[in-house]
Amino acid sequence: MSKTINMTIAIDHEFREAPGRQVSLRNTRNIGIMAHIDAGKTTTTERVLYYTGVNYKVGEVHDGTAAMDWMVQERERGITITSAATTAFWNDHRINIIDTPGHVDFTAEVERSLRVLDGAVAVFCAVGGVQPQTETVWRQAKKYNVPVIAFINKMDRIGADFERVTQEIHDRLGATPVPLQLPIGNEEDFEGVIDVLAGKAYYFEGEMGIEVVSKPIPEGMAAEAAAAYGAVIERIAESDEAIMEKFLMDEKPDPDALRAAIRRCVLAGDIIPVLCGTAYKNKGVQMLLDAIIDYLPSPVDIWRIDGVHPKTEEAMERHTGDYQPLAALAFKVMSDPYVGKLIFFRVYSGVLEKGMQILNPRTGKRERIGRLLQMHANSSEERESIYSGDIAAAVGLKHVTTGDTLCVVDDPIVLEAMSFPEPVISMAIEPKTTADRDKLFDALHRLSEEDPTFRLRTDEETGQTIISGMGELHLEVISDRLVREFKVGATVGAPEVAYRETIVSQADADTKFIKQTGGRGQYGHVVLHIEPRPRGHGLTIESKVTGGNIPKEFIRPVEKGIQEAATTGLLCGFPVTDLHVDIVDGSSHPVDSSEVAFKIVGSMAFKEAAHKAKLRLLEPIMALEIVTPEEHMGDVIGDLSSRRGTVVEVDAQSDSAKILVHVPLAELFGYTTTLRSLTKGRAVPSMEPSHFDSVPEAIQKQMLEKR
């Protein structure tokens, strides 16, 4: 893990701050707002910007005026596509906020945002509860050790249920939710919240709910509030000795001491504080801001950042502070029509200054920082310096891409990069005219730089340009951007599934490559053993050659040959995965052996062994969740069965049913239209990639015959 929570007293010199700093490191919060699509992330962020004075007018998602949804495509569709960064101030604290997408097609935006954030707010719909993409972003947060607080939004909606959603957080996410607030009223009667720790009720009055009014707890809720307070004390006492002593002595802890104990538990990942409100109706957002400051970490709490030396790969570390050697991580690349290529980065240690020379250890190249910008969605403000713990963007870096480290030349370090899922859908694309050809490839190259889950390749058989992404919407947005943003005329084909290939049994190959051309020849000889591995394993290669039968300098070319053969595929041209290859033995010639010869023979031997091991096609399976009125449930399940779907779970609620089903992606093109027709537009689908599974024999046979 690249981040370590500091649970000890800070050493003073580690956190020395430069005099030009606006806000202390301890008063800085780097947070993300994450959730399933349509849970209200962007609306919540817009209210945060309004109450903190960044925006004087509130933007709304539904009428296309949200500041954080600044792309044309976002405003038209009413969804977040790209993560947008902004900065706000609340109670003498600086809060750097990233609003992330909720749609699964843009999961890379969430991944790279969480990599550079210290804490996150998970927004839950009070009606929908824990939904598929909620589970995905939760896994991503755990992967990067990001402490989380939960905000149950839309408490004013019909069907809102605070207790049910809290229980789902426990059951489906495996977390320990601790409600610090209780809703006053429900659905259209939702009025305000009870602060369990303060023992007071809060109402949001005046224009836009800007005035937070404290009143006594309503009589009918006093017992419920007391029980909730006792539950908080009991849960915190399990993890905190000071609170445990108070608990055992039946004493009431000091509110500040209790908040500090809750903060320690949140940073350790032991609990998830739960708050509630309705961002759209302007209730509860100011108290969410207080909770961000009280319970989420500052850069000081993430005190040690791990990395490796770029040449020796020895473990290294950096500590938070302005007087430490510079270490920053580029987490996003964006093409701006006015300033060019923007590199978003997080400074972990040191200070990045305008005009400074930095090293990119991945390329070994030095670059000079041009302009530094503090971003607010798609607008910006010039800065001379970016300090430790801050998030900003740089202009003028030519050879930096997502995941690159930026560091000082004389003390290099490589920080942990990011991993992204493989694309699951492809389509052919070609320019409409000859004049569009160069513009198209330039635009596609720039888009692939921006988006690590967008891939570009040329099909060797047909010569077509193939673009790949995470879903139909992903590629639709890419196509739209080509026309509107890059002014390129392009024709796109029908979407195709990005299959994989694998083997079903073990096999061996003893292969020689011998070529005589009159002069020096070519000689390579390898013996390979391959065997299948579980789904998700990928491709691994290990050398078991002993006695120098294959000289060490030729082992790497053999591995390269195997990897290249696996990438181009053997059955239908799809990558081969989920297997292990052992390089067992071989031989060499003192004159004729070369790297080229061993690369070729590695590829030949792999192909031979793979065909012996019987190749199978794998297809991406999607986890599809549908919320439908109960009267349409039978029709929906019947249609899914005809699409080779496997029902995993059916959760019947008061007047609707939630159906979770695994369906091959190949069967889901155009499914939304069919579902609307079946349910008269009343069902709501959402999906995310689940796993790869074998294509049925009959379908594989049809596919091979077509090719």
Side-chain angles (χ1 to χ4, degrees), residues 2 83 85 108-109 111-113 115-116 144 305-318 324-336 339-373 375 385-386 388 390-423 441-458 468 553 556-557 559-560 563-564 567 595 599:
S2 62
S83 51
E109 292 289 331
E111 181 86 19
R112 55 184 169 191
S113 300
R115 169 63 181 84
V116 296
Y144 293 117
I305 310 301
D306 296 328
V308 296
H309 192 280
K311 291 182 179 173
T312 65
E313 295 195 355
E314 287 180 36
M316 297 178 68
E317 61 182 52
R318 288 281 193 267
Q324 297 288 322
L326 173 71
L329 186 76
F331 67 95
K332 177 171 175 161
V333 178
M334 192 178 89
S335 295
D336 186 284
V339 298
K341 187 175 171 182
L342 273 177
I343 307 293
F344 285 77
F345 60 88
R346 155 81 188 263
V347 177
Y348 283 99
S349 62
V351 178
L352 190 62
E353 297 177 332
K354 187 176 175 180
M356 182 178 181
Q357 190 178 71
I358 55 100
L359 173 72
N360 181 347
R362 179 183 63 83
T363 61
K365 291 184 177 179
R366 301 180 183 192
E367 295 203 51
R368 192 168 297 281
I369 299 291
R371 295 161 63 199
L372 291 171
L373 304 173
M375 300 302 294
S385 304
I386 305 297
S388 175
D390 281 351
I391 292 172
V395 181
L397 299 176
K398 294 177 183 174
H399 305 289
V400 174
T401 189
T402 300
D404 282 352
T405 300
L406 312 177
C407 60
V408 284
V409 175
D410 54 358
D411 193 355
I413 186 173
V414 178
L415 302 179
E416 181 190 12
M418 291 159 272
S419 57
F420 298 102
E422 290 294 313
F441 285 110
D442 178 57
L444 289 174
H445 176 68
R446 285 166 68 182
L447 288 170
S448 66
E449 276 189 333
E450 284 186 23
D451 186 350
T453 58
F454 172 65
R455 305 285 170 82
L456 176 67
R457 67 180 175 86
T458 302
S468 303
E553 63 268 25
R556 183 66 189 135
E559 291 175 349
K560 276 188 178 177
Q563 287 164 344
E564 284 185 13
T567 303
E595 288 191 4
K599 183 178 175 184

Side-chain donor-acceptor pairs under 3.5 Å in residues 403-412, sequence neighbours left out?
{"residue": "D404", "atom": "OD1", "partner": "R362", "partner atom": "NE", "Å": "2.6"}
{"residue": "D404", "atom": "OD2", "partner": "N360", "partner atom": "ND2", "Å": "2.9"}
{"residue": "D404", "atom": "OD2", "partner": "R362", "partner atom": "NE", "Å": "3.2"}
{"residue": "D404", "atom": "OD2", "partner": "R362", "partner atom": "NH2", "Å": "3.1"}
{"residue": "D404", "atom": "OD2", "partner": "T401", "partner atom": "N", "Å": "2.9"}
{"residue": "T405", "atom": "OG1", "partner": "L415", "partner atom": "N", "Å": "2.9"}

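S349 and Q324 make their closest contact through CB-CB, 3.8 Å (heavy atoms, listed as atom of the first residue, atom of the second, distance). Heavy-atom minimum distance, H399 versus E367: N-OE2, 2.9 Å. Counting all heavy atoms, side chain and backbone alike, L372 lies closest to E353 at CD1-C, 3.7 Å. Nearest heavy-atom pair across R368 and L397 is O-CD2, 4.0 Å. Minimum interatomic distance between V116 and Y348 (heavy atoms only, all atoms of both residues): CA-OH, 3.4 Å. Heavy atoms only, all atoms of each residue included: L373 and A392 are closest at O-CB, 3.3 Å.
Taking the side chain as every heavy atom from C-beta outward, F345 and L352 approach each other to under 4.5 Å. For the pair K599/E564, a side-chain contact is recorded, criterion being any heavy-atom separation below 4.5 Å from C-beta on. In this structure the side chain of L342 reaches within 4.5 angstrom of the side chain of V395, judged on heavy atoms.
The local environment of CD in Q357 is crowded, with over 12 non-hydrogen atoms from other residues, nucleotides or ligands closer than 6.0 Å. Other residues, nucleotides and ligands contribute at most 12 non-hydrogen atoms within 6.0 Å of the CZ atom of R366.
Remark: E317 pairs with R304, D306, H319 by the side-chain contact (heavy atoms from CB on, under 4.5 Å) rule, at least two apart or across chains. In this view, S448 and H445, F454 satisfy the side-chain contact (heavy atoms from CB on, under 4.5 Å) rule, not counting sequence neighbours.
With rounding to the nearest 0.5 Å, the separation of CD1 in I369 from NZ in K354 is 11.5 Å. Between atom CZ of residue R556 and atom CD of residue E559 there is a gap of 5.0 Å, rounded to the nearest 0.5 Å.
Of the possible polar contacts, none joining the R318 side chain to the A327 backbone as a donor-acceptor pair under 3.5 Å is found.
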Assess whether side chain to side chain contact (heavy atoms under 4.5 Å, CB included) is satisfied between V308 and V414, documenting all intermediate values.
CA-CA 5 Å; V308 296; V414 178; 4.0 Å; yes
